[in-house]
Participant: 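Sharing a structure here in structure tokens format.
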Amino acid sequence: MKEYKQLIGEAVHRAVETLTAEEAAELVEIPTDASMGDYAFPCFKLAKALRKAPPAIAGEVAAALGGNPLFARVEAVNAYVNIFLDRCSFLSDLLTQVTEQQGRFGRSEEGAGRKVIVEYSSPNIAKPFHIGHIRSTVIGNAIYRIYDFLGYDTVRINHLGDYGTQFGKMIVAYRKWGKKEDVTREPIKTLLGYYVKFHEEAEKDPALEDEARAVFARLESGAPEETALWEWFREESLKEFNRVYRMLGIEFDSYAGESFYSDKMQGVLDRLEEKGLIRESEGARIVDLEEYGMPPALITKKDGSTLYITRDIAAAIYRKEHYDFYKNLYIVASQQNLHFQQWIKVIELMGNSWAEDCVHIPFGLVSLEEGTMSTRKGRVVYLEEVLNRAVEQTREIILEKNVNTDSVEETARQVGIGAVIFQELANNRIKDYVFSWEKILNFEGETGPYVQYTHARAASILRNAEGWKPSAASLEPQRLSAIMGESAYQLARLIYQLPRIIREAGERYEPSVITRHAVDIAQAFNRFYHEEHILVPDEEEKNAKLALVLAAKTAIQTSLRLLGIEAPEKM
RNA sequence: GCCCCCAUAGUUAAACGGAUAUAACGGAAGUUUCCUAAACUUUUGUUGGUGGUUCGAUUCCGCCUGGGGGUGCCA
């Protein structure tokens with residue numbers, strides 16, 4: 001398909017040689033107000049080099065672009081050149097492409113031969129999978145899907161929090177107060193109970209903390225009793241996690257968590273020693289980062305056991321050797337910003353130039369109205385409960401509205417889960433937010449159900465069109481004239497932008513760019529739907545409009561798919 | 001103390017350094033003999049303060065205020 005920004009860039013370059021075609025293309029804007037054209041080229045920056053007033057330059061550029069048949073109209077307005085596309089050839093080009101490519105529209109091969117690792121979700125074993133975990137899980141899944149769509153080779157890693165002193169605590173608590181049958185019956189809640197009790201008791205008796213550290217040290221050195229208990233906790237927890245992953249439609253290529261690297265720790269310590277990066281301080285071993293403005297990185301504790309920073313370093317080195325990644329992405333809360341800065345710096349100090357390919361993608365904090373979530377205090381909202389309630393409420397709405405669907409259960413699941421995911425991906429990931437039941441169960445306005453509903457509407461029209469198939473002949477430019485109104489054209493423009501939007505979402509690691517665009521397309525579609533009748537008697541007009549409906553449906557479906565949300569055909 | 005992030009209508013949020021700051025929710029008023037009213041139309045209302053850089057700042061830089069997070073033996 002034609003890349004208009006590029007074409008305009010080239011044309012500007014021919015008119016003003018001091019600017020390369022690429023530089024010119026970079027400057028091309030899409031005006032907020034459609035009455036100022038489909039594209040605009042601001043001339044301020046040229047004023048200095050050309051020693052002319054911007055409006056004068058705009059006039060010259062406009063004159064130079066004027067003869068191009070792709071542009072219906074080119075006007076100089078003050079310092080801007082406003083460019084109006086020839087709508088018929090634009091629509092013909094777009095609709096031909098989208099109806100041919102369908103689900104492949106927007107796909108790219110730019111990532112061919114490059115491997116991208118996406119680490120996401122990474123819950124802690126033996127702790128509840130709560131609403132705070134949804135962010136990493138859902139953002140990571142979307143980033144994986146976006147990179148996959150852009151042609152990259154992807155590896156999805158669930159870096160389970162299955163190691164560390166917390167397991168010492170858990171084991172100590174289980175031995176003191178635990179019952180096997182309770183754990184088997186309800187693993188996570190029971191184990192969490194032990195964990196909470198441990199902290200209560202440790203307040204009165206600080207010796208428990210030391211005991212827990214000692215038990216973890218035994219676990220790390222491979223003691224059979226501790227290892228068996230740990231394996232059992234891990235297994236029971238994974239059963240629960242997988243139930244949630246299935247609901248969300250999320251999968252992983254690897255569950256290599258922290259424990260996976262336990263036997264690789266010594267190698268890291270040796271390499272750090274070799275490089276002379278380690279020194280002893282207060283009984284612990286550290287890498288001093290003072291000259292980089294950071295507190296020291298604690299590599300081992302005074303009892304010799306490791307910390308998670310050591311495991312993250314080991315993991316990154318292992319991944320570089322094992323996968324030879326192009327990018328190694330970590331979808332982890334912004335609370336860990338310093339942690340990531342520290343260990344990536346350590347990797348760099350070890351002489352690894354690929355340190356810069358390790359990217360921390362932070363996101364904001366989820367809190368409850370009562371305050372921050374606290375596993376220890378048992379102040380959590382379970383993700384599974386959120387998903388179940390969203391599905392339940394959707395089911396009620398479906399029955400109430402008497403919705404046209406083949407399976408109430410299936411649709412309730414698609415829409416309920418989709419609503420939760422959509423909301424999670426609607427805003428910039430860095431923003432903090434306060435969880436509220438009222439908000440998450442609201443399905444009106446800019447929400448997942450709105451976009452899905454629009455998709456279902458488009459699907460419904462195509463069903464009503466019985467047997468209609470897009471044909472290239474009916475999309476020739478001369479046959480489109482006078483058929484398409486303003487709302488149709490504005491919808492088409494948004495569909496055209498989708499491939500660029502997907503690339504931007506990938507570059508910025510920001511799925512919300514796609515979420516917002518999906519809403520824009522849905523709004524434009526609904527406007528078009530209300531203003532114009534689609535299944536009209538005139539064959540030529542009907543063909544063109546149906547092609548646009550199909551293109552809109554395709555664009556919405558692709559957007560939702562990249563976000564990890566299903567697009568029901570009926571609802 | 002030091003470091004990082006955030007601050008936009010009543011609320012929740014958008015906005016590659018560009019033209020008149022964009023939506024949704026809420027409030028007010030409408031649209032269903034018409035392809036799905038989970039829809040659409042109209043209306044209401046916004047850049048925390050202060051300096052600077054720039055032809056142009058919600059956006060970049062400095063300071064201030066407010067909120068959140070981090071800061072050596074948890075992850």
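Computed from a predicted structure; not experimentally measured. Lettering of chains follows the sequences in order, A, B, ..., and the numbering in each one begins at 1.
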Participant: For a quick test of reading the model: is some side-chain N or O of A:K431 closer than 4.0 Å to OP1 or OP2 of B:C5?
Facilitator: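 For B:C5, OP1/OP2 do not have a side-chain N/O of A:K431 under 4.0 Å.
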Participant: Does any N or O donor sit under 3.5 Å from an N or O acceptor when you compare the side chain of A:Y453 with the base of B:A38?
Facilitator: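 No such pair is found, so the answer is no.
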Participant: What is the separation between atom CD1 on A:I556 and atom C1' on B:A38, rounded to the nearest whole Å?
Facilitator: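 Taking atom C1' of B:A38 as the reference, CD1 of A:I556 is at 14 Å.
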Participant: Hey, does A:K570 reach any base, or is it just sugar-phosphate, or nothing, if we go heavy atoms under 4.0 Å?
Facilitator: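 Touches a base.
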Participant: Looking at A:I331 and A:G140, what are the two nearest heavy atoms and their distance?
Facilitator: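 Scanning both residues, the minimum pair turns out to be CG1-CA, 3.7 Å.
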Participant: Kindly say if A:K301 contacts the phosphate of B:C74, meaning a side-chain N or O under 4.0 Å from OP1 or OP2.
Facilitator: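 For B:C74, OP1 or OP2 has a side-chain N or O of A:K301 closer than 4.0 Å.
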Participant: When rounded to the nearest Å, what value does the distance between C1' atoms of B:G49 and B:U58 take?
Facilitator: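 Here B:G49 and B:U58 have their C1' atoms 15 Å from each other.
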Participant: By nearest atom, which of the nucleotides B:A75, B:C6, B:U71 is closest to the A:I430 side chain?
Facilitator: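 Looking only at side-chain atoms, A:I430 lies closest to B:C6.
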Participant: Would you kindly check whether a donor in the side chain of A:N82 faces an acceptor in the base of B:A19, or vice versa, at under 3.5 angstrom?
Facilitator: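 A donor-acceptor contact between them is present.
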Participant: Can you identify which nucleotide, out of B:U20, B:G72, B:U36, has its nearest atom closest to the A:I286 side chain?
Facilitator: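 Selected nucleotide: B:G72.
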Participant: Please evaluate residues A:L160 and A:N124 with respect to the criterion side-chain contact (heavy atoms from CB on, under 4.5 Å), reporting the C-alpha separation (whole Å), side-chain torsions for both, the decisive distance (0.1 Å), and the verdict.
Facilitator: CA-CA 6 Å; A:L160 294 171; A:N124 288 327; over 6 Å; no
Participant: Does NZ or CZ of A:K169 fall inside the cone over A:F198's six-membered ring, less than 6.0 Å from its centre and within 45° of the axis?
Facilitator: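 No, a cation-pi geometry is absent between A:K169 and A:F198.
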Participant: I need the A:L19 CG to A:L27 CG distance, nearest 0.5 Å.
Facilitator: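 That separation rounds to 6.0 Å.
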Participant: Please answer whether B:C35 and A:H533 are stacked, defined here as ring centres separated by less than 5.5 Å and planes angled under 30°.
Facilitator: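 Here A:H533 meets both the 5.5 Å and the 30° conditions.
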Participant: Under 4.0 Å from OP1 or OP2 of B:A14: is there any side-chain N or O of A:N428 that close?
Facilitator: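 Result: yes.
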Participant: Please report the distance, rounded to the nearest Å, between CG in A:D432 and C1' in B:G67.
Facilitator: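 Checked: the CG to C1' distance equals 9 Å.
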Participant: For A:E370, is there an ion pair with A:R379 - N to carboxylate O distance below 4.0 angstrom?
Facilitator: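 Looking at A:R379 and A:E370, the cut-off is not met.
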Participant: Measure from the side chain of A:T372, starting at C-beta and using heavy atoms only, and say which of B:C40, B:C74, B:G69 lies closest.
Facilitator: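 Looking only at side-chain atoms, A:T372 lies closest to B:G69.
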Participant: Write down the partner of B:G17 under the Watson-Crick or G-U wobble criteria, each distance required to be under 3.5 Å.
Facilitator: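 Pairing partner, where one exists within any strand: none, as none qualifies.
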Participant: Give A:L307 one of three labels, base, sugar-phosphate or nothing, depending on what nucleic acid heavy atoms sit under 4.0 Å from its own.
Facilitator: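 Touches sugar-phosphate only.
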Participant: Taking a pair as Watson-Crick or G-U wobble with both distances under 3.5 Å, which nucleotide is matched to B:U41?
Facilitator: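 The answer is B:A29, by the H-bond criterion.
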Participant: Does B:A7 pair with anything, Watson-Crick or G-U wobble, both distances under 3.5 Å, and if so, with which nucleotide?
Facilitator: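 Here B:A7 is engaged in a pair, and the nucleotide opposite it is B:U65.
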Participant: Salt-bridged, A:E531 to A:R527, with N to O below 4.0 Å?
Facilitator: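 The answer is no: the pair does not qualify as a salt bridge.
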Participant: In the strands shown, is B:C2 matched to any nucleotide by a Watson-Crick or G-U wobble pair with both distances under 3.5 Å, and which?
Facilitator: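 In the structure as shown, B:C2 has B:G70 as its Watson-Crick or wobble partner.
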Participant: Rounded to the nearest Å, what distance is computed from the CD atom of residue A:E29 to the P atom of nucleotide B:A19?
Facilitator: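 Rounded to the whole Å, the gap is 7 Å.
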Participant: Identify whether any heavy atom of A:S460 sits under 4.0 Å from a base atom; if not, whether one sits that close to sugar-phosphate; answer base, sugar-phosphate or nothing.
Facilitator: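 It contacts base atoms.
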Participant: With A:R311 as the cation and A:Y261 as the aromatic partner, state whether NZ or CZ is under 6.0 Å from the six-membered ring centre and within 45° of the axis.
Facilitator: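 No, A:R311 does not sit over the ring of A:Y261.
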Participant: With rounding to the closest Å, how many angstrom separate the P atoms on B:U59 and B:A7?
Facilitator: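 One P to the other, the span is 11 Å.
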Participant: Over all strands shown, is A:A426 touching base, sugar-phosphate only, or nothing at heavy-atom distances under 4.0 angstrom?
Facilitator: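 Counting heavy atoms under 4.0 Å across all strands, no contact is made by A:A426.
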Participant: Return the value, rounded to whole Å, for the distance between atom CZ of A:R457 and atom C1' of B:A38.
Facilitator: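 Going from A:R457 (CZ) to B:A38 (C1'), I get 9 Å.
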Participant: Please report, rounded to the nearest Å, how far the P atom of B:A15 is from the CZ atom of A:R500.
Facilitator: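 Distance check: A:R500 CZ to B:A15 P gives 13 Å.
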Participant: Looking only at atom C1', what distance separates B:A14 and B:C25, rounded to whole Å?
Facilitator: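 Going atom to atom, C1' in each nucleotide, I get 15 Å.
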Participant: Looking across every strand, which nucleic acid part, if any, lies under 4.0 Å from A:I398 by heavy atom: base, sugar-phosphate, or nothing?
Facilitator: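 Contact class for A:I398: base.
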Participant: I'd like the P distance from B:U22 over to B:C16, given in whole Å.
Facilitator: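 About 14 Å, rounded to a whole number of Å.
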Participant: If the plane angle is over 60° it's perpendicular, under 30° parallel, otherwise tilted; pick one for A:W230 and A:Y163.
Facilitator: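 Perpendicular, since the angle between the ring planes exceeds 60°.
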Participant: Assuming nearest nucleotide by heavy-atom distance, tell me which of A:T32 and A:F443 is located more 5' along RNA chain B.
Facilitator: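 Taking each residue's closest nucleotide, the earlier one in sequence belongs to A:T32.
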Participant: Judged by each residue's nearest nucleotide on RNA chain B, which is more toward the 5′ side, A:P449 or A:E258?
Facilitator: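 The residue whose closest nucleotide sits nearer the 5' end is A:P449.
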Participant: Kindly indicate whether the side chain of A:S281 and the base of B:G72 share any N or O donor-acceptor pair separated by less than 3.5 Å?
Facilitator: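 Pair found.
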Participant: B:C73, B:A19, B:A15: which one has an atom nearest the side-chain heavy atoms of A:R508?
Facilitator: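 Of all the options, the side chain of A:R508 is nearest to B:A15.
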Participant: With ring centroids as reference points, do A:Y496 and A:Y4 lie under 6.0 angstrom apart?
Facilitator: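 Yes: the rings meet the under 6.0 Å criterion.
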Participant: Between B:A38, B:U71, B:A14, which one does the side chain of A:R516 approach most closely?
Facilitator: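 Closest of the options to the side chain of A:R516: B:A14.
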Participant: How long is the line joining CG of A:N427 and C1' of B:C5, in whole Å?
Facilitator: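 After rounding, the gap between these two atoms is 16 Å.
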Participant: Please give, in whole Å, the distance from B:C74 P to A:F167 CZ?
Facilitator: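 Value for this atom pair: 14 Å.
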Participant: Using the side-chain heavy atoms of A:Q335, tell me which of these nucleotides is nearest: B:G69, B:U36, B:C35.
Facilitator: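 When the side chain of A:Q335 is considered, B:G69 is the closest of B:G69, B:U36, B:C35.
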Participant: Look at the side chain of A:Q523 and decide which nucleotide, out of B:A38, B:A24, B:G72, has an atom nearest to it.
Facilitator: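 The answer is B:A24.
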Participant: For the side chain of A:A40, counting heavy atoms from C-beta on, which of B:C73, B:C34, B:A19 is nearest?
Facilitator: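 Out of B:C73, B:C34, B:A19, the nucleotide with an atom closest to A:A40's side chain is B:A19.
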Participant: CD of A:Q452 versus P of B:A39: gap in Å, rounded?
Facilitator: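 To the nearest whole Å, that distance equals 12 Å.
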Participant: Nearest of B:C74, B:A38, B:U36 to any side-chain atom of A:I461?
Facilitator: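 Nearest listed nucleotide: B:U36.
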Participant: Using the C1' atom on both, measure B:U53 against B:G10 and round to a whole Å.
Facilitator: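 Rounded to whole Å, the distance is 36 Å.
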Participant: Counting any heavy atom closer than 4.0 Å, what does A:Y450 reach on the DNA or RNA strands: base, sugar-phosphate only, or nothing?
Facilitator: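 Sugar-phosphate contact only - A:Y450 comes under 4.0 Å of backbone atoms but never of a base.
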Participant: Starting the side chain at C-beta, find the nucleotide from B:C73, B:A39, B:C55 nearest to A:K302.
Facilitator: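 Given the options B:C73, B:A39, B:C55, the side chain of A:K302 is closest to B:C73.
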